[in-house]
Every structure is written in C-alpha cells, then in structure tokens.
Amino acid sequence: MRLCTFPAIVAAVGFLAVSASGQTKQPSNVPAPKTKSTDAAVTIDERVFILYALEDMTRQFAADPYYESRSTAGVQEMVARRLFGLKSQLAYQRLLYDTLRQHAAKWKDDEFLAVFRTYDNHLSELRESIQSLEGALVQTLRGMQAAQSMAGTNALISGLSFGFRAVAEGDDDERAFVRGISAMFASGIAQQGKLNETTARYKSELEGARKNFEDQFTKRINDSTNALIGKIADSKWGDQEYAFQLRKSGANPVHNPFAIVRKAGAVFWKKDATPEDLVKQAEVCEKAAGVVPIGPVFNPFRALLLGIGGRLASKAADKDIGTAGLPTSQKDAAFGGALARKLWSEYLKSELIDKNINDEVVRAVMLSRAYSGNQTEAFEAVKKYVVAQNSGATSRLPSRISHIRNEFSTNPGVWYDVARVCSISGNTSLALECLTMAVKCGFRDKETAMFSPDLKNVRQTGKQFEAVFKQGQVTGSGLVRGGGGTDFVNPGPGPIPMVELSPPDSEGRVKFNGSLYKFFPEQLSWKEAKAKCEKLGGHLAVVNDANENAVLRQLVLAAGKRETWIGATDEKNQGVWEWVNNAKFSYKNWEKTQPNNKGGVEHYVILWAVERGEWCDQPNVALLPHRPGFVCQWPDAPPK
C-alpha cells in the first residue's frame with residue numbers, strides 16, 4: 001500500500017466527509033504548537049489532532065470487521081487476500097505512527113508520550129495476530145507442496161522400479177519402458193487419491209485456523225482499543241470530544257474533524273443525494289483541510305480530506321452530466337466539476353502523485369479535469385501516466401503504434417474512463433487501445449460503449465470498434481455508475497443467467513414468471529424492508545430458481561446499486577432457512593464461504609448483484625461496507 005494515496009487513506013481511515021465549524025478547545029497547561037494554515041485559519045492543536053487521528057485509526061480495525069471473500073477461490077486464496085489487506089493496512093498505520101512519533105518526541109512531554117505509545121501496543125497486538133494466521137497459511141502451503149512432491153516422487157520410483165524389474169525378467173528395452181510408464185501412471189492415479197485426501201485435510205486445518213484467528217483478532221482489537229481510550233480519557237487531553245465520548249452522550253460533533261467526517265460523509269452513499277448536496281459536503285471537506293496542522297507529518301490527513309472532497313465533487317459532476325457525456329468546453333462544465341478539479345489539484349500538493357502513482361488517483365485527477373471541461377488537461381494526465389514514456393506521444397497519436405503502459409491498471413473501469421477521455425480529446429487510436437485493455441481486464445458491457453456520447457469517435461472506426469469486443473463473450477456482466485468513475489461487476493467464471501424483463505408498469509414494477517418485482521434503493525434494516533413490502537401488499541422477494549435470482553440481480557444493477565435484501569431468514573431456527581412466504585427453500589445460491597453466522601447474529605440474506613448474484617448472511621442491520629436496498633414481490637395483479 002503506497003503512502004498517502006487516496007485509496008490507501010480511505011482504507012486506513014475510512015470514507016469520510018468533514019466539517020470544520022468551530023475551533024478546538026486547547027488542553028489545559030499544555031502550550032499548543034504554533035501552526036497556521038495557508039489561508040490563515042486556526043488549526044487544531046497538534047497534540048489533540050494526533051490523538052483524534054490515533055483514535056480514528058484504531059477504530060478502523062474495530063469498525064471494519066473481516067469482509068468475507070466473495071470470490072469462488074479456495075480457503076488458501078481467501079486467507080492470502082485477508083493477509084494482504086491486513087498487512088497493508090498495518091504497514092500503513094505503522095508508517096503513520098512512526099512519523100507522528102518522531103514529530104511528537106521533540107516536545108519531550110512524558111505524559112503525552114505515555115498516551116501516544118499505547119497505540120504502539122495496539123499495533124503490536126495486531127502484528128502478532130496477523131503473524132499467527134500467516135504461519136498457518138505457510139504451514140498449509142508447505143504441507144501441500146510436500147505432499148504433491150512426494151506423490152510425484154513415489155509415482156516415478158514405482159515406474160522406474162517396475163521398468164528395471166521388467167528388464168531383469170528378460171523384456172527388451174522398449175517393452176520395459178512401456179511397462180514402466182504404465183506402472184508410473186497407475187501409481188500416479190493411486191497417489192492422486194491420497195494427495196486429494198491430504199489436501200482436503202490441510203484445507204480443513206487452515207479453515208479452522210482462520211476462524212480461530214477471526215475470533216482472537218476481534219478480541220485483541222477490542223482490548224487494545226479500550227486500553228488506548230482509557231489512557232486518553234485519564235489524560236489532561238481527555239475532554240476533547242473524542243468519538244467514544246460522543247457515542248456515550250449521543251451529542252453531535254463540533255470540534256473533532258474525524259467524528260464530524262463520519263457523520264457528514266453518509267451523503268456520498270445516498271442515492272437520492274443531489275449534486276447540490278454533494279458539493280456542499282465537498283466544500284465542508286475543503287474547509288476541514290484548513291484546520292489540519294501544517295507540515296509534512298500531517299499531509300496524509302490533509303490529502304485525505306481533500307481527496308474525499310474531490311470524490312464528492314466528482315460524484316456531483318457525474319450526476320449532473322448523467323448520460324449526456326463529458327463536457328467539451330469549460331462553459332459547459334458539469335456542476336461541481338470546477339470544485340472537483342480544484343480539490344484534486346490541491347490534493348496533489350499534499351500527496352505527490354509522481355512519487356506515489358496509483359491508477360485510481362490518476363483516474364480521479366483525470367476525470368476531475370474532464371468534468372470541468374478542461375479536456376486538454378485531462379489528456380495531459382493520460383499522456384503523463386498512461387502512455388508509455390518512449391512512445392513520443394503528442395496531442396495526436398498515430399494509430400499504428402502501441403502507446404499505453406499495459407501494467408498501469410488491471411481495473412476495467414479505469415481503462416474505460418481513460419478511453420472516454422482519449423476519445424473526446426480526439427485521440428481515437430489511443431482510445432481504441434484503452435477500450436481494448438478494458439475488455440481484456442473484464443469489461444463486457446458493449447451496449448454501454450455503443451451508446452456512450454464520449455465514445456462517438458471510437459464507434460466511427462466501424463470494424464475496429466467491433467473487433468475490440470470479439471476478445472470476450474458478453475456474459476451478462478453489468479455496469480455500475482457513480483463516484484466519479486465507472487465500476488464494473490465481476491463476471492466470474494462461466495455465463496451468468498440473463499432474463500428478458502418486461503417494461504416497467506406505471507408503478508415501476510417488472511413482470512416475470514407470474515410475479516411483479518420492484519427494487520427500492522432505500523437502505524433499511526431487513527425487518528424494516530420486510531415491513532415496507534408487506535405494507536405495499538407484497539413481501540420481500542423469494543427466489544425459487546436461477547432465473548428468478550437473475551431477475552433480482554438485473555434489477556439491482558439497473559438501479560446502479562450493488563446488493564439487496566431478499567426474503568430469507570433463519571431467525572426462528574439457526575441453520576434452517578425459510579422464505580417469508582413459507583415457500584419451499586429448495587434453491588440457494590450461497591457464496592462459497594457463506595452462510596457463516598458471524599457473531600451468532602447473522603439471520604438474514606443479502607444478494608450480491610455485483611458478485612454473480614451470490615448470497616451472504618447478515619445481521620438485521622447490515623454491517624458496513626454492505627449497503628443493501630431491497631426488492632419487493634407481488635402476484636401478477638397486486639393491490640396498489
């Protein structure tokens with residue numbers, strides 16, 4: 001994980017939006033380091049700001065429980081991914097901590113350092129837990145490799161021995177070779193059976209170690225977090241509006257930027273948020289950046305606020321242009337586009353993209369310039385970071401040369417957005433190359449490319465455009481718009497069932513197989529969603545087969561969302577799943593690791609539209625990052 005890049009900071013500190021209203025009360029008897037921001041705003045006392053930051057970073061591990069892998073990979077890959085995420089987050093937080101520690105040491109304030117060092121214990125606890133899981137993974141992989149090697153060796157020895165014996169019995173060399181090879185294959189088949197048993201045993205042991213790790217990890221996080229909170233509460237800086245105090249009192253934050261951020265940032269995820277709402281929060285983030293203490297030590301947090309503000313403004317611009325396409329001039333700039341460009345430009349001053357290049361950051365900067373109508377600037381970002389340095393790229397690129405750095409990104413959405421910018425900038429050949437990379441990385445939504453105003457120049461190439469999509473078959477993968485860019489669902493292995501839906505009726509419901517369905521993006525608990533469907537004369541959607549599952553998936557993706565509640569529960573009898581209409585629970589589409597009833601409270605089902613329509617169990621109020629809507633179902637002629 002690269003230092004200070006926007007995705008890294010979001011992962012470490014959480015998606016936030018900040019308000020800078022009010023000034024922070026200074027701790028008694030402790031002189032605040034004198035810092036001023038560039039716009040002369042009064043900044044937060046450095047000690048208090050550091051404690052705010054530590055508390056928030058600590059809460060990230062506690063508030064972001066393990067999000068089970070949604071892939072079809074085995075337990076080894078699932079554990080490996082878990083380890084990669086944890087180790088990256090731990091490394092990033094350790095780097096931030098060490099930087100802050102060196103800065104704080106110069107104050108020679110023993111009381112502050114005693115509180116501050118509690119966070120070091122927190123990181124040590126996390127490191128020990130992670131090492132235990134890594135040890136289990138390494139042991140399993142070594143055991144499996146040893147078993148595979150032994151199986152191959154045994155088969156080879158068996159074949160050679162049989163061949164030598166055949167020679168000793170008088171067979172000629174050719175016959176002895178054939179008999180030896182036959183024996184080796186026969187032995188290999190027998191060894192494979194033993195190998196499968198050994199592999200299954202190792203996988204089972206690793207799964208047990210993983211589950212044990214999750215239980216111990218959660219306990220360690222809670223214990224170390226409480227230790228830090230206790231140290232802060234007992235110190236002279238204990239009365240400074242920390243998040244743990246706000247949770248107890250229920251008060252709204254006024255001074256703590258991180259707490260304000262968590263409260264205000266929810267607007268990003270609201271489907272009904274207007275561009276005006278988003279721009280307002282982006283402006284709040286911009287003001288918040290002014291209260292961050294000055295200096296390279298605090299730049300990661302300043303970059304965080306500016307990057308989040310930029311993302312909010314970019315989403316406002318994205319909503320404003322809708323399906324009209326990127327503006328071609330500044331006079332047609334999208335609402336919020338100029339602010340997005342400004343915030344991302346300021347972001348780069350704190351987070352130097354030249355030193356910490358990241359495809360998502362490049363994409364955000366590029367699109368912010370495009371939203372503001374500065375297409376020349378947007379293409380400059382493409383030339384600088386996407387085009388190969390030795391290509392001799394100019395504002396117009398010849399079509400006969402391959403110019404792009406294929407290793408720049410593996411995200412199809414990034415390549416698709418780069419193709420859009422290249423196309424409207426008049427660089428058709430480069431746009432074709434980028435669209436080709438998008439397809440190679442998993443983009444399958446030809447229909448979107450067919451109707452995108454931004455790709456008009458690319459479509460005019462005719463056969464060249466058609467050839468791009470011959471690389472892969474369209475399997476029903478969808479596209480989700482939002483957040484200042486384009487994100488694509490995971491096509492996964494094999495085709496996804498696609499169902500032809502009827503046009504929506506006057507109530508917005510579609511008909512399929514004797515029922516009517518409607519997706520509601522409103523984020524409710526499972527029980528609230530169930531009650532609302534029943535109030536409307538229906539019930540939460542019931543899934544009887546793969547086609548009905550595909551219907552729900554398509555409805556969610558069409559609304560630009562990722563997941564939905566469905567009407568399944570085992571709240572009456574753990575492990576015995578029932579539909580809300582008492583239909584037979586014959587069809588199920590659980591993700592490989594689900595259901596797992598984590599914490600003993602996950603009795604309700606979410607359908608992941610972006611993951612091939614697979615299911616997972618969740619509590620009544622879904623844990624972040626889940627943000628499900630819900631689908632209601634009625635008989636063919638439902639009451640209105």
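D318 and Y371 share a side-chain donor-acceptor pair at under 3.5 Å. Between the side chains of T274 and D277, a donor-acceptor pair is found at a separation under 3.5 Å. For the residue pair Q618/H603, the side-chain donor-acceptor check at 3.5 Å is not satisfied.
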After noting the C-alpha distance and the side-chain angles of R94 and D120, does the key distance pass the salt bridge (Lys or Arg N to Asp or Glu O under 4.0 Å) rule? CA-CA 8 Å; R94 169 60 70 180; D120 190 25; 2.8 Å; yes
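The aromatic rings of Y242 and F244 sit parallel, their planes meeting at an angle under 30°, below the 60° perpendicular limit. Using the six-membered ring where Trp is involved, F116 and F112 have ring planes that are parallel, under 30° apart on the 30 and 60° scheme.
Under the 4.5 Å side-chain criterion, counting only non-hydrogen atoms from C-beta, L96 is in contact with F301. At least one side-chain heavy atom of L123 sits less than 4.5 Å from a side-chain heavy atom of Y97. At least one side-chain heavy atom of F335 sits under 4.5 Å from a side-chain heavy atom of E276. Residues F49 and V291 fail the side-chain proximity criterion, which asks for heavy atoms closer than 4.5 Å. At least one side-chain heavy atom of E602 sits under 4.5 Å from a side-chain heavy atom of N596. Counting heavy atoms from C-beta outward, R302 and I294 have side chains that approach closer than 4.5 Å. Side-chain contact between Y604 and P619 is absent, with no heavy-atom pair separated by less than 4.5 Å. With contacts defined as side-chain heavy-atom distances shorter than 4.5 Å, the pair Y52/Q240 qualifies.
Annotation: the span from F298 atom CZ to L304 atom CG amounts to 14.5 Å, rounded to 0.5 Å.
Residues D109 and R47 are paired through a salt bridge, judged by an N-O separation under 4.0 Å between the basic side chain and the carboxylate. The pair E380-R369 does not count as a salt bridge, with every side-chain nitrogen at least 4.0 angstrom from each carboxylate oxygen. Look at R363 and D359 and you find no salt bridge, because none of the NZ, NE, NH1 or NH2 atoms lies under 4.0 Å from a carboxylate O. Taking a cutoff of 4.0 Å between a charged side-chain nitrogen and a carboxylate oxygen, E614 and K592 do not qualify as a salt bridge. The existence of a salt bridge linking K280 and E283 is excluded, since no basic side-chain nitrogen approaches an acidic carboxylate oxygen closer than 4.0 Å. A salt bridge links E111 with K236; the closest basic N to acidic carboxylate O contact falls under 4.0 Å.
Around atom NZ of K319, more than 12 heavy atoms belonging to other residues, nucleotides or ligands sit under 6.0 Å away. Other residues, nucleotides and ligands place no more than 12 heavy atoms under 6.0 Å from the CZ atom of R117.
Remark: side-chain polar atoms of K315 are paired, donor with acceptor, to backbone N or O of F268 under 3.5 angstrom. Without hydrogens or angle criteria, Q245 side chain to G238 main chain gives a donor-acceptor distance under 3.5 Å. Between the side chain of N620 and the backbone N or O of W526 there is at least one donor-acceptor pair closer than 3.5 Å. Remark: the backbone N or O of E377 is not paired with any side-chain donor or acceptor of N374 at under 3.5 angstrom. Between the side chain of N226 and the backbone N or O of N222, at least one donor-acceptor pair lies under 3.5 Å.
Residue L312 forms a side-chain contact (heavy atoms from CB on, under 4.5 Å) with just one option from L339, V279, L343, L278, and that option is L278.
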